2 protein chains.
Amino acid sequence: MNLKELATKLGLSPTTVSRALNGYPEVNAETRERVMAAAHRYNYAPNTRAIRLATGRALAVGHVIPIMTKHEIVNPVFADFIGETYSRQGYDMLLSVVPDDDEDRTYRVLKSRGSVDGVIVHAPRLNDPRIALLTEIGLPFVVHGRATGTTIPYSWLDVNNRRAFLRATEFLLDLGHTRIGLINGLEFMDFAIRRRNGYLEALAARAIAPDARLMFSDEMTEAAGFHAASTMIALPDPPTAFLVASMISGMGVRRAVEAAGRVVGRDISIIIHDDDLSYLPNGTDVPIFTATRSSVREAGRMVAEMLLDLISTPTPAPRERLLEAELIIGQSTGPAPRAVQ
Amino acid sequence: MNLKELATKLGLSPTTVSRALNGYPEVNAETRERVMAAAHRYNYAPNTRAIRLATGRALAVGHVIPIMTKHEIVNPVFADFIGETYSRQGYDMLLSVVPDDDEDRTYRVLKSRGSVDGVIVHAPRLNDPRIALLTEIGLPFVVHGRATGTTIPYSWLDVNNRRAFLRATEFLLDLGHTRIGLINGLEFMDFAIRRRNGYLEALAARAIAPDARLMFSDEMTEAAGFHAASTMIALPDPPTAFLVASMISGMGVRRAVEAAGRVVGRDISIIIHDDDLSYLPNGTDVPIFTATRSSVREAGRMVAEMLLDLISTPTPAPRERLLEAELIIGQSTGPAPRAVQ
DNA sequence: AATCACTCCCAAACCGCTTTGGATTTCCCA
DNA sequence: TGGGAAATCCAAAGCGGTTTGGGAGTGATT
């Protein structure tokens with residue numbers, strides 16, 4: 001059943017039926033009722049392909065998931081990212097996974113084929129070239145995160161990663177820890193840079209000199225967390241606490257602590273960053289790890305709304321939004337052990 | 001730059017240009033060259049919206065990620081699922097996350113609006129109603145997994161979960177373990193049912209009676225794994241080995257073992273199922289966990305190909321494909337301890 | 001009664017491509 | 001040398017909606 005058939009059945013022109021269904025004012029209320037009823041009765045659903053062509057809009061937003069050619073790891077956070085925000089407004093969500101050396105082409109094609117009305121930029125890096133590119137080709141976008149080093153204005157939503165790790169470090173310092181290991185994500189990722197800055201800032205505020213041997217940067221996997229923590233624990237002057245970039249790394253860190261015969265939360269404290277992913281909950285009742293927490297799900301909803309807003313506004317001014325992370329106390333932290341101190 | 005403009009610039013009709021670009025035979029080789037060159041030079045990319053409308057194809061496949069209203073957990077495996085299979089053939093990948101009580105409508109709308117040419121069915125359940133629905137509305141689909149209880153023929157690709165867990169159980173039995181705890185996923189999920197069957201079959205073959213207290217079924221989270229393992233370890237006659245549904249649950253199980261002051265691989269063995277997700281590698285050089293392994297990435301690629309094949313074939317016969325899991329020996333298993341035996 | 005402003009509806013153009021049904025030219029062979 | 005096949009190309013008709021530019025009817029205003 002298409003528009004024309006429905007119109008014929010109603011004895012109306014396609015024009016009127018289209019207007020009736022789309023809420024235009026120049027149609028009699030009574031007629032509109034009739035049309036609506038018939039549409040419902042015949043189970044009429046407009047063909048999206050036709051709408052897209054006629055309106056020149058794609059009614060879709062793209063999520064381009066970069067995959068680092070060097071580190072073949074897919075960032076899975078977007079799995080929780082997809083809400084009903086899009087579908088509620090009639091938008092589709094398009095996914096493409098692209099090697100980072102081919103991003104340029106991907107975005108250009110997305111634009112010139114008219115596949116999407118806008119994109120979400122995931123996993124921004126230091127001086128991320130995508131921001132200039134997208135601005136240049138005129139494809140609306142919102143960055144989930146920020147890109148240090150970029151000068152052009154752009155829309156973004158980010159967690160205050162610096163302050164989150166600043167607070168976490170302060171919390172550990174307050175507990176008496178002075179040797180705190182940082183097990184960070186890859187430090188060409190923007191969030192990782194900011195987290196390190198927060199960590200360093202907190203140390204500096206207490207006049208504690210940073211120790212390069214206590215700062216690791218790697219993929220956020222269990223094995224990498226294990227390796228980093230094991231290495232640091234083996235130092236002559238090992239840390240009494242770890243600040244860890246993710247839930248999964250944190251599990252590796254815990255394994256390292258236990259493998260060394262130490263007890264988490266008593267001998268060695270751990271704070272992780274928790275994205276509050278649905279499939280990776282930090283405990284059910286009481287948190288397993290003390291954590292800086294910020295819901296990716298929430299952020300995803302907001303970013304999606306920002307983008308749709310940007311797309312529908314004729315002259316979009318960049319929108320910016322900084323979320324604060326909570327500091328959640330769990331079972332993995334405690335006062336610095338006397339003996340070590 | 002669109003087709004018409006390009007045609008004008010070349011002094012040709014849109015018809016010819018279209019045919020030249022799409023490889024139709026009724027165009028002079030020389031002309032084709034010229035057209036190709038010009039298309040490249042002017043950076044021409046055909047408007048997908050127009051193609052879709054003209055051809056009546058959506059050039060897109062849908063992935064509907066069910067979200068259980070009772071358990072709000074998004075299955076993140078599809079993150080690794082998305083390959084270049086689609087883009088190579090000019091297809092887009094559409095994602096929708098849908099509460100399971102609204103699936104019916106979602107698929108119907110997908111069909112009637114013509115948003116997709118086919119769908120991948122994720123996370124099939126016992127007697128999954130989606131298979132009958134999709135067959136009825138005539139939307140091509142391939143199931144990633146299988147749905148026990150369904151009688152109509154349909155296309156699927158699955159891992160031999162039964163045999164994987166059968167072999168894993170046998171392996172533990174061979175090591176002398178006789179009390180083996182099963183920490184399974186939710187048992188309305190098809191794969192979980194099959195895994196339990198494999199486990200039971202192996203026990204039966206050695207005339208070991210299953211013990212209900214050694215069989216848990218829950219969400220595959222760290223906390224659930226921890227809880228299940230802790231409970232079993234506290235039994236008067238605790239298991240000496242665990243068979244665990246996932247990497248993440250496995251981490252919870254390990255935490256439980258260590259919290260009980262036992263050593264993994266010496267006092268208590270653990271075998272997990274490893275989907276070989278890029279963001280959740282089971283160690284780097286040597287596997288952390290002994291595991292039944294089967295790459296979701298690989299499976300995803302194959303399922304995608306099956307679906308595209310199904311879409312392009314006029315009279316599709318159901319395709320079926322069963323993959324075997326490898327049994328990977330890692331550091332988490334060892335002979336059953338004498339004392340307990 | 002003529003003018004004007006609304007209200008409500010429609011015909012037709014358009015979005016940018018594919019595809020059908022020729023038309024024209026060239027080639028080959030009887 | 002004429003006629004049919006083959007090779008090339010084109011005009012025009014869709015695909016299924018939206019949107020522009022009226023047109024007819026109704027009431028109120030002058």
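Computed from heavy atoms alone, side chains included, the values below leave out hydrogens, waters and symmetry copies. Below, chain A is the first sequence line, B the second, and so on; all start at residue 1. Note that the structure is a prediction, hence the values are computed from the model and not measured.
Between A:N47 and D:dC15, a side-chain N or O to OP1/OP2 separation shorter than 4.0 Å is absent. Taking 4.0 angstrom as the limit, A:S18 places a side-chain polar atom (N or O) nearer than this to OP1 or OP2 of D:dT18. Regarding contacts with the backbone of D:dT18, every side-chain N or O of A:Y24 stays at 4.0 angstrom or more from both OP1 and OP2. The phosphate of C:dT18 has OP1 or OP2 within less than 4.0 Å of a side-chain N or O from B:N22.
Rounded to an integer number of Å, the gap from A:E26 CD to D:dG23 P is 17 Å. For A:R34 and C:dC8, the CZ to P distance is 14 Å, given to the nearest whole Å. B:L21 places its CG atom 17 Å from the P atom of C:dG16, with the value rounded to the nearest Å. Atom C1' of nucleotide C:dG16 and atom CG of B:L59 are separated by 14 Å, given to the nearest angstrom. In this structure, A:E30 atom CD and C:dT7 atom P are separated by 17 Å, rounded to whole Å. When rounded to the nearest whole Å, the span between NZ of B:K4 and C1' of D:dC10 equals 15 Å. When the P atom of C:dA13 is taken as reference, atom CG of A:L53 falls 17 Å away, rounded to whole Å. Computed from coordinates, the B:R49 CZ to C:dT18 P distance equals 15 Å when rounded to whole Å.
Nearest-nucleotide mapping onto DNA chain C: of A:N28 and B:M1, the residue sitting toward the 5' end is A:N28.
Backbone-only contact: A:T31 has heavy atoms under 4.0 Å from sugar-phosphate atoms and none from a base. Within 4.0 Å (heavy atoms only), A:I51 reaches sugar-phosphate atoms of the nucleic acid but no base atom. The residue A:G11 sits close only to the backbone: its heavy atoms come under 4.0 Å of sugar-phosphate atoms, none of a base. Heavy atoms of A:R19 sit under 4.0 angstrom from at least one base atom.
A donor N or O paired with an acceptor N or O is found under 3.5 Å between the base of D:dT19 and the side-chain atoms of A:T15.
A donor-acceptor pair under 3.5 Å is formed between the side chain of B:R34 and the backbone N or O of B:L10.
For A:T55, the side-chain atoms get nearest to D:dT18 when compared with the rest of C:dC9, D:dT18, C:dC17. Here the nucleotide nearest the side chain of A:L12, chosen from D:dG17, C:dC10, C:dC8, is C:dC10.
Using a 4.0 Å cut-off between charged nitrogen and carboxylate oxygen, A:D158 and A:R146 count as a salt-bridge pair.
Counting heavy atoms of neighbouring residues, nucleotides and ligands inside a 6.0 Å radius, atom CD of A:E26 exceeds 12 of them.
The aromatic rings of A:H122 and A:H63 are tilted relative to each other, their planes meeting at an angle between 30° and 60°.
Side-chain atoms of B:S18 and B:T15 include no donor-acceptor pair closer than 3.5 Å.
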